[in-house]
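Each remark here refers to the structure printed beneath this line.
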Amino acid sequence: MSRIVYVNGSYLPEEDAKISVFDRGFLMADAVYEVTSVIDGRLVDFDGHLARLDRSLGELDMPAPADRDTLLAIHRELVSRNALVEGLVYMQVSRGVADRDFAFEPDMQPSLVLFTQTKALAESPAAEQGLRVITIPDQRWARRDIKTVQLLYPSLGKMMARKAGADDAWMVEDGHVTEGTSNNAYIVSGGRIITRNLGPEILAGITRAAVLRFAREAQMEIQERPFTPDEARAADEAFVTSATSFVMPVVEIDGTALGDGAPGPVARRLREIYIEESRRAAI
Ligand code: PDD
């Protein structure tokens, strides 16, 4: 199946879409990205993703490729041209094209690429079963608050999980869990939701912000602080959040089953609320 993708001003069949071999995104991972979920053919939390993109660009001194309304129009056009009902829109901004050099000129023209991907988000077998995760050392660079395309270590981490017969990995630094390979990590202990506080060590998830807001509105107690793998293995339940998984229960950590080994009530309730609210607020 051929998709229509967007590259630097043009909507093209995917096989005709081209990026220069001198693009710094390709040569140096000098690029940032966002993944926005689509439900009922509409975008979830688009403005949250745009705000984080602006922040990532600012941290790297990269100019914005277009304004908010133009980017929204491109997202919507791709959803429409690909008749996407449920899935995601991937958007990548790189610094642009230049002769290979570690230094870069301040006034480069950014490259902008967007494509869609179909994915069952609301009805997911994984959400019924829950994920099994392993813990691995966090060997990423130190600015994980910037959403760059340097995804080699998280990708290797996911493969380590697969080889260990698990679904995903939680990364550990200085004795504390940072986050999952492509999601934020949470445990539930004694009725409290515990998740790593924001900082350069983790990505400020857009789903995380929404889920914490819904949890507070539902009078759930939240602690934003680092937690250890031991604390996680002894927790009553656990879950992860991201634009591609919403709220996904975790049922096993390093081979230790949490609670009765089934998705826990807090994760299941937050998933329900998140899906309901996203359907209502998507644009
Ligand atoms: N990843 N932490 C990391 C390291 C991530 O890569 C992601 C998202 C998140 C959750 O962020 P959000 O809730 O805004 O999706 C946290 C996306 C989905 C990806 O790379 O595909």
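Please read these numbers as outputs of a predicted model, since none were measured by experiment. Both counts, for ligands and for their atoms, begin at 1 and track the order of listing.
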* Asked: Where do Thr228 and Val177 land on the side chain to side chain contact (heavy atoms under 4.5 Å, CB included) test, with the steps shown first?
  -> CA-CA 6 Å; Thr228 65; Val177 173; over 6 Å; no
Assess [X] for proximity to ligand 1: is some non-hydrogen atom of it under 4.0 Å away?
X	value
Thr181	yes
Glu34	no
Met171	no

task = Report the relative orientation of the aromatic rings in His75 and Phe46; use parallel for angles under 30°, tilted for 30 to 60°, perpendicular for over 60°.
result =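 The arrangement is perpendicular - the two ring planes meet at more than 60°.
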Should the ring pair Trp170 and Phe227 be called parallel, tilted or perpendicular, given that the plane angle runs from 0 to 90° and is split at 30 and 60?
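Geometry flag for Phe227 against Trp170: perpendicular rings.
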[atom]: which protein heavy atom is closest, and how many Å away?
atom	answer
atom 19 (C) of ligand 1	Tyr33 OH, 3.7 Å
atom 18 (C) of ligand 1	Thr244 OG1, 3.7 Å
atom 13 (O) of ligand 1	Thr207 OG1, 2.6 Å

Proximity of [X] to ligand 1 by residue part, where a heavy atom lies under 4.0 Å:
X	value
Asn183	backbone
Ile206	both
Arg144	neither

[X] side chain to [Y] side chain, donor-acceptor N/O pair below 3.5 angstrom:
X	Y	value
Thr178	Asp138	yes
Ser2	Glu15	yes
Glu276	Tyr274	no

- Task: Measure from atom 3 (C) of ligand 1 to every heavy atom in Glu179, Arg196, His49 and give the option owning the shortest one.
- Result: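 Ranked by closest heavy atom to atom 3 (C) of ligand 1, first place is Glu179.
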A student comparing Ala210, Ser182, Ala185 should find that the heavy atom closest to atom 6 (O) of ligand 1 comes from Ser182
Numbered atoms and elements of ligand 1 in range of [X], under 4.0 angstrom, heavy atoms:
X	answer
Ala243	12 (P), 13 (O), 15 (O)
Asn184	10 (C), 16 (C)
Arg140	4 (C)

Q) Checking side-chain hydrogen bond (donor to acceptor under 3.5 Å, both in side chains) for the pair Asp67/Thr70: CA distance, chi angles, key distance, verdict? A) CA-CA 5 Å; Asp67 63 22; Thr70 306; 2.6 Å; yes
field: Arg81 to Tyr11, cation-pi by 6.0 Å centre distance and 45° axis angle
entry: yes
_Let's go through Phe239 and Arg271 carefully: what are the C-alpha distance in whole Å and the side-chain angles of both, what is the deciding distance for side chain to side chain contact (heavy atoms under 4.5 Å, CB included) to 0.1 Å, and is it a yes or a no?_
CA-CA 10 Å; Phe239 59 95; Arg271 183 175 171 85; over 6 Å; no
